[in-house]
> 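I'd like to ask you about the structure that follows.
Numbered from 1 within each chain, the chains take letters A, B, ... in sequence-line order.
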Amino acid sequence: MDFAYHYTAAQETFRQEVKAWLAEHVPSHIKAPVDSEFMRGDLYDFALELRRKLGHKGWLAPTLPTAYGGGGLSVELAVIIEEELRRRKIPTVFSNPLVIPAILVWGTEEQKKKFLPGILHGEKICYQNFTEPQAGSDLANVQSRAVNLGDEWVINGQKIFVSGGGPGKADWLFGPIMTDPDAPRHRNLGYFMIPATTQGITLTPLDLMNGRNQYIVMMEDAHVPADHLIGGDHQGWQVAQTVLEQEHGGGGQPHLIDQDLDNFIEFVGNASRDGRPMSEDPLVQQQVAECYIDSHASGLFSMRNHWLYHSKSELTYEGSQSSLQRKLFGLRNADRMRAVMGPYCLLGIDEQRAPFGGAPEVFQRSSLVRTHPGGTIEVQKVIIARRLGISKTRESAAPTPQTAGRKNGSP
Amino acid sequence: MDFAYHYTAAQETFRQEVKAWLAEHVPSHIKAPVDSEFMRGDLYDFALELRRKLGHKGWLAPTLPTAYGGGGLSVELAVIIEEELRRRKIPTVFSNPLVIPAILVWGTEEQKKKFLPGILHGEKICYQNFTEPQAGSDLANVQSRAVNLGDEWVINGQKIFVSGGGPGKADWLFGPIMTDPDAPRHRNLGYFMIPATTQGITLTPLDLMNGRNQYIVMMEDAHVPADHLIGGDHQGWQVAQTVLEQEHGGGGQPHLIDQDLDNFIEFVGNASRDGRPMSEDPLVQQQVAECYIDSHASGLFSMRNHWLYHSKSELTYEGSQSSLQRKLFGLRNADRMRAVMGPYCLLGIDEQRAPFGGAPEVFQRSSLVRTHPGGTIEVQKVIIARRLGISKTRESAAPTPQTAGRKNGSP
Amino acid sequence: MDLALTEQQAMLQTSAADLLRRELPKDKVLELNRSADGFDPHLWRQMADLGWTAMVVPETAGGLGSSLTDVGALFEILGQYACPLTVFTSGVLSAQVLAEAGASAHGGLLSEVATGEKIVTFAYTEPDYGWGPGAVQLPATRRDGAYVLNGTKLFVPDAHIADSILVAARTEAGDDPGAGMSIFLVEKEQRGLSVRQMSGWLGDRLCEVTLDSVEVPASAMVGDEGGAWAPIDRAIDRATAVLCAYMAGGARRATDMAIEYSRTRIAFGVPIGTFQRVQDRIIDANDDADSMRLTAYEALWKLDSGHDDAPLAVSTAKAVASVGFPRACEASHHVHGGIGTDHTLGLVEYTGKARTLQPYLGDAAYHKRRIARLLAPRS
Amino acid sequence: MDLALTEQQAMLQTSAADLLRRELPKDKVLELNRSADGFDPHLWRQMADLGWTAMVVPETAGGLGSSLTDVGALFEILGQYACPLTVFTSGVLSAQVLAEAGASAHGGLLSEVATGEKIVTFAYTEPDYGWGPGAVQLPATRRDGAYVLNGTKLFVPDAHIADSILVAARTEAGDDPGAGMSIFLVEKEQRGLSVRQMSGWLGDRLCEVTLDSVEVPASAMVGDEGGAWAPIDRAIDRATAVLCAYMAGGARRATDMAIEYSRTRIAFGVPIGTFQRVQDRIIDANDDADSMRLTAYEALWKLDSGHDDAPLAVSTAKAVASVGFPRACEASHHVHGGIGTDHTLGLVEYTGKARTLQPYLGDAAYHKRRIARLLAPRS
């Protein structure tokens, strides 16, 4: 076994190129904000422009074919790019990448040519248009309607908890809409790329615990061209499954990184209590170690999935296992950090006494909020049980760009 | 509020009587064994005889009417008796007391007169004849059959996990048997008091983690008199519910006692590690406190139920809540004790190095085994959810001797 | 044995609930939490007029001298409505400190606390946050018959609206942290004192109180020089039991919200409460809420009846509450899914309270350490 | 990056599983556990002939010098079959101690360990049970060029069938527990040595070893006087990683039993695996088993590739295993209900192993303390 990437000299040379490029294009004072809620104004514009530059270099989707706007690079080089981007903490504009596998697996060649380059070049920003007031965990219960007028579809309905920078910033809203109310569940949806600027589309921010970066999307008589339907007009659920397969952790991550953990360890290293270094407090030591272990074990699940994905292995429960653990350990670690840091981890980004510019407080909220999107804890458990073969329903993984056309049969 | 009993001078005088009686009848060297598995031979015989003496004084069922063999005493005096019996750690022969509420609530006057005095006087030993290989959590799925021959019933079938001292020691086996295979679920059972000496009844010990005190009961053409049916011949499930209401914690306990916890605290007080008293180890302190808190909180549930029961209040989820917590905190405390005591809590009763004569090791096994009888963890949760009014099925509590004939309607 | 509230306590609860249902609906709580100072003088006046700030104050000082169980019964309701805790800060904690440490010399102030005319806070914690005696390091130096206080108090509740601040300070250093602690009454307008509201996800208003050579006369000392820890310890115990009742009320409401939502929210064609996974979270939250209530009332009862092991009961209640309140809220969030994070639903306000109160007056680890010491066999 | 076993490792696992399926079915495990000495010479011979006791022994000492990952792959299978751990005691732990501390002087014994001719155990723990250097207090006093050992070693695995015992003792006292520790090779027939099997719910045979003025020659010292802790620390780390693979195998089997049972056991007319409550326990156990496997192999890999932070990985793996193995067994019991407590089912044997191995070579708290120290920023 080998739990690490090893790079050739040529690959290390490539790393230097990436570093140099970043040094040239990102002034040293520019950094991702502690709270993504505050990705606004000049910083947003800078990040958007940087995204375009990265996209045109093929570095937004390094392993995808250049024909679609990818980089055509090896996994190792992709990992190097990721490492350097992260190291540099560059601010990133949120665009949901899960649109990509859906188009790759289910789109026609024309659709791939039409949609992918704009997205992969960083020109287009995509929001996931999935959840509805009556379709949360029960995503198949989508009620918004698309009516076929031949050349186009007319869409009406409401989406909620749509993440992104907000009105005027999105280009595409992608997700399932009901095309056939008479068809059975799971066979009654289409999957649409809706231009966000379409007349009849409005975004209204929600007032959430994690800020105002999630929206209600109202769709009122929104006309969408016919070729914006990805997959057949009764295959929307199946297309969504490909997306969810990735969102549920199926792609994995090659690294074990956890900034919140690193902050915590540093906090403990500097703090004192009752006149003694906190790092010598046996209870604190246990909490630190538990945070590390939980984060590390969850990271290994993710690394395993990355390896399975890139070695084109068929996953069963592993994606959801990783996603579930990520959600759960986030809650546990937030709890442990509260136990050690006390009220310090409730101090916000504007508070001068807040450690790490308020990052621990952001984590206190985000770890709770993150349990819902991308499949709730319950949804992940349902999927795991099915794939362990103990549930009433048995299922195998949906096709992904790595497995489509292989033993699963083509979509 | 008042979380304690307060005794009058007269009641304290009664306590002295109880003490004196115990001093007279129980030699000081006689004590309950650490592992009830070893309630054998002379000790068993002594305990059986003591049980009869207690029974004839009315102290086995102090609050029940003297007409049935009870003591006709107040709750306070019953609590005093219990306190003194426990303080003296007298060895007790196991006879399942849950037969009593079933007969009190559902038996005819003749049946009460026939069965109760023998039981309450300590002359008769009763085992609960409930679980079957295919009827565990799903108790209503009882498959053993009783066929009506007019004056008597003929019973065939198999029970399992029947607790008691074993063959030749039981007098009555009580529980549900299917009387009508054509009737719907919950309406197809009768509740029988089967004489254990009936021809065709055999008890075979199981080889269990907690020893050999549980049995398979084979019933082959066992003839049982017709008046041994308690309740109607289609009411066995309902009678069982009255029993389960009590077994699931509905009766409560007036005291917060936990010998395993006391042992643990004493162990920690005497042990050392790395040359320092274990009681000064901050991690050990946390574990001790958590054991105490869990035990104490569970004890308060039980005390609340005792108070509710004796103030004749209708319980909803409280019985199962208490039962569930007792099962769960037992597991948690066993876990904490392993973490502190290490291999010491795995040393058995024959091991000279075992602390407290091996009681911690018995607890390690019993806490795990106790999660199943008297309604598994799952069964308790099903009941709680129903009684919180969130389940598909809604239900209220079954009648108990305290509530029967009140607003529930008589059975 | 009687685990029911008295008729009078039940009536107190009913009248409190009536007021708060009317004056403090959930949108009002949100509005108040987002306002500049988190304080509503109109609501304050009504609460004071009902005697809520006078309950723990002895009758000799113009208070009601209520039993702590009475006070706990009231605060159980306040917790259910996520009522701002200024009434606790001044009317319970500070009042207890004053009553325990020096009711005689400062009886006038105590009367004004009782009537709600004055708001007093208790500044105990410092940058090295903690609730043991060692946590107080701020020095008070004697100079010409006066005392000079220098240092910072952090996470002090309601100091921004308080008229006076009770500052715990060290008049003597030494190996025994329980010795050498004193309390000083510092008026808000005192030269050298500055108060700054801290910001973040804080369920109540917490402040940084800076004392820059604040000079107070000897008469500002509350109680005996160097002997403050014992009365503070008693006062904190009594206040903590009341706070536990408040937290139990909050956990009960968060749980009931989950129960209600699980009955009405439909997924996969059925109410989500019919799913075992959802039920399990509700069962856990319900257990937490019930445990919190029972342990809180047991502590209140033990304090009222002068039991020797009242401190054990208090620490048990707070350890249970510090774990249970945040956990019940988290379970409720879990049941609510995304919509639970919407401020307009109201749940987030309970979660904020829960997490802020978790370390307040000692976190679970602190109280568990205390429990272990209290349980240790006497050698 | 490659998280697959090599072909050779996979073959090793297959052949081990073939042997154990044949020679160690679950009723044989039960029989062995209930036998007088828990040892089957026939099975021992077969395992030794397959080279299982020779893997960690360097080729220079007649062993196979396998990678630790190879050894872990083997022990993962042994764990699945709840195989008695004598092969670990002698062939891994003691062999590692010998190899790390003094392969040169005691190469002959190491060769005999490799072939399985000799069984050697390592006596480290004492009545004050623990795995840090401070746990060793048994004194070895120099007398006339020899050493006299006096004291008690407790919970020593397999001492009753061992031919020789490696005794960790203190040749020097002092403030630094890491200094002054030495290892002595004590032969079983040595005067003053007595060995007694301890009884209880012990997943493997543990013994009390009493040394009553046991006098050994200076040549019995393994490695350097006073310098034993460093090689012991390394040896324990290496052995612990292997043990973690064993525990992962056991947890996997306990989990698979639950999965299988949940598919076939019918209640309320359906397989119990369709109930969410049952699923949740299986999901948790499956997570534990997978986490244990990944962290164990990561530790083995880091040791094999000489990573600086291998100790961190080892402690992570053992902390995960010490919690995960008992928890997975408990979950499996939960799924099985009453029948899981029946010895004939086999699950109880895994639970016994899990609880016995939980503290062995350091419990979770010990390893977490070590992790915290290893993570602490260098100042």
> Counting only heavy atoms not in Glu12(A), do more than 12 sit closer than 6.0 Å to its CD atom?
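Enclosed.
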> For atom CZ of Arg86(A), is the number of surrounding heavy atoms from other residues, nucleotides or ligands below 6.0 Å larger than 12?
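For Arg86(A), atom CZ is crowded (more than 12 foreign heavy atoms under 6.0 Å).
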> Please flag which part of Thr295(D) lies under 4.5 Å from any non-hydrogen atom of chain A: side chain, backbone, both or neither.
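Both parts, backbone and side chain.
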> When heavy-atom pairs shorter than 4.5 Å are enumerated against chain A, which of Glu260(D), Arg370(D), Gln279(D) gives the highest number?
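Of Glu260(D), Arg370(D), Gln279(D), Gln279(D) has the most heavy-atom pairs under 4.5 Å with chain A.
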> Heavy-atom distances under 4.5 Å only: say whether His306(A) touches chain D with side chain, backbone, both or neither.
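For His306(A), side-chain heavy atoms alone lie under 4.5 Å from chain D.
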> Need one label for Leu300(D): side chain, backbone, both or neither, based on atoms under 4.5 Å from any heavy atom in chain A.
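Contact with chain A is absent: no heavy atom of Leu300(D) under 4.5 Å.
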> Around Gln8(D), counting heavy atoms of other residues, nucleotides and ligands shown, do more than 12 lie under 6.0 Å from its CD?
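No, CD of Gln8(D) has 12 or fewer neighbouring heavy atoms, counting only those of other groups under 6.0 Å.
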> Under a 3.5 Å distance rule, please check whether Gln285(A) uses its side chain to pair with a backbone N or O of Arg373(D) as donor and acceptor.
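It does not hold such a pair.
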> If you count heavy-atom pairs within less than 4.5 Å of chain D, which of Val288(A), Leu388(A), Thr393(A) leads?
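When all of Val288(A), Leu388(A), Thr393(A) are compared, Leu388(A) has the most.
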> Hey, which of Lys381(A), Glu318(A), Lys392(A) has the most heavy atom pairs under 4.5 Å with chain D?
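Ranked by contacts with chain D, first place is Lys381(A).
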> Does Asp290(D) form a side-chain contact (heavy atoms from CB on, under 4.5 Å) with Arg304(A)? I'd like the steps, not just the answer.
CA-CA 10 Å; Asp290(D) 282 354; Arg304(A) 173 201 58 192; 3.7 Å; yes
> Would you please test Met1(A) and Leu5(D) for side-chain contact (heavy atoms from CB on, under 4.5 Å) and show each step?
CA-CA 6 Å; Met1(A) 291 198 187; Leu5(D) 292 175; 3.6 Å; yes
> Is any side-chain heavy atom of Leu324(A) less than 4.5 Å from a side-chain heavy atom of Asp287(D)?
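Yes; the side chains approach each other to less than 4.5 Å.
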> Would you mind telling me which of Asn270(A), Ile390(A), Leu328(A), Leu308(A) has the largest number of heavy-atom pairs within less than 4.5 Å of chain D?
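It is Ile390(A).
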> Can you check whether Leu294(D) reaches Met303(A) side chain to side chain, under 4.5 Å on heavy atoms?
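No. Closest side-chain heavy atoms not under 4.5 Å.
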> To the nearest 0.5 Å, what is the distance between CD1 on Ile293(A) and OG on Ser291(D)?
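Those atoms lie 10.5 Å apart.
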> For Leu3(D) and Trp307(A), work out which heavy atoms get closest and say how close.
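For Leu3(D) versus Trp307(A), the nearest heavy atoms are N-CE2, 3.2 Å.
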> Can you measure from CD1 (Ile384(A)) to CD1 (Ile282(D)) and round to the nearest 0.5 angstrom?
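So the gap between those two atoms works out to 12.0 Å.
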> Rounded to the nearest 0.5 Å, how far does CG of Asn286(D) lie from CD of Gln321(A)?
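That separation rounds to 5.5 Å.
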> Counting only heavy atoms not in Asp176(D), do more than 12 fall under 6.0 Å of its CG?
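Yes, the 6.0 Å shell around CG holds more than 12 heavy atoms from other groups.
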> Quick check on the interface: out of Ser67(D), Ser315(D), Ala365(D), who has the most heavy-atom pairs with chain A under 4.5 Å?
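Ranked by contacts with chain A, first place is Ala365(D).
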> Which heavy atom of Ala372(D) sits nearest to which heavy atom of Ala289(A), and what is that distance?
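Heavy atoms of Ala372(D) and Ala289(A) come nearest at N-CB, 4.3 Å.
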> Which atoms of Ser391(A) are under 4.5 Å from chain D, going by heavy atoms: the side chain, the backbone, both sets, or neither?
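Its backbone and side chain both get close to chain D.
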> Which atoms of Gln325(A) come close to chain D, meaning under 4.5 Å heavy atom to heavy atom: side chain ones, backbone ones, both, or neither?
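When you check distances to chain D, only side chain atoms of Gln325(A) fall under 4.5 Å.
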> For Arg263(D), which atoms come within 4.5 Å of any heavy atom of chain A: side chain, backbone, both, or neither?
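For Arg263(D), the side chain is the part near chain A, not the backbone.
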> Heavy-atom cut-off 4.5 Å, strictly under: side chain, backbone, both or neither for Asp304(D) against chain A?
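Answer is neither: Asp304(D) stays 4.5 Å or more from chain A.
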> Carefully, step by step, assess Glu298(D) and Leu256(A) under the rule side-chain contact (heavy atoms from CB on, under 4.5 Å).
CA-CA 12 Å; Glu298(D) 190 196 26; Leu256(A) 307 172; 4.1 Å; yes
> Which atoms form the tightest heavy-atom contact between Ile283(D) and Ala385(A), and what is the distance?
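For Ile283(D) versus Ala385(A), the nearest heavy atoms are CD1-N, 4.4 Å.
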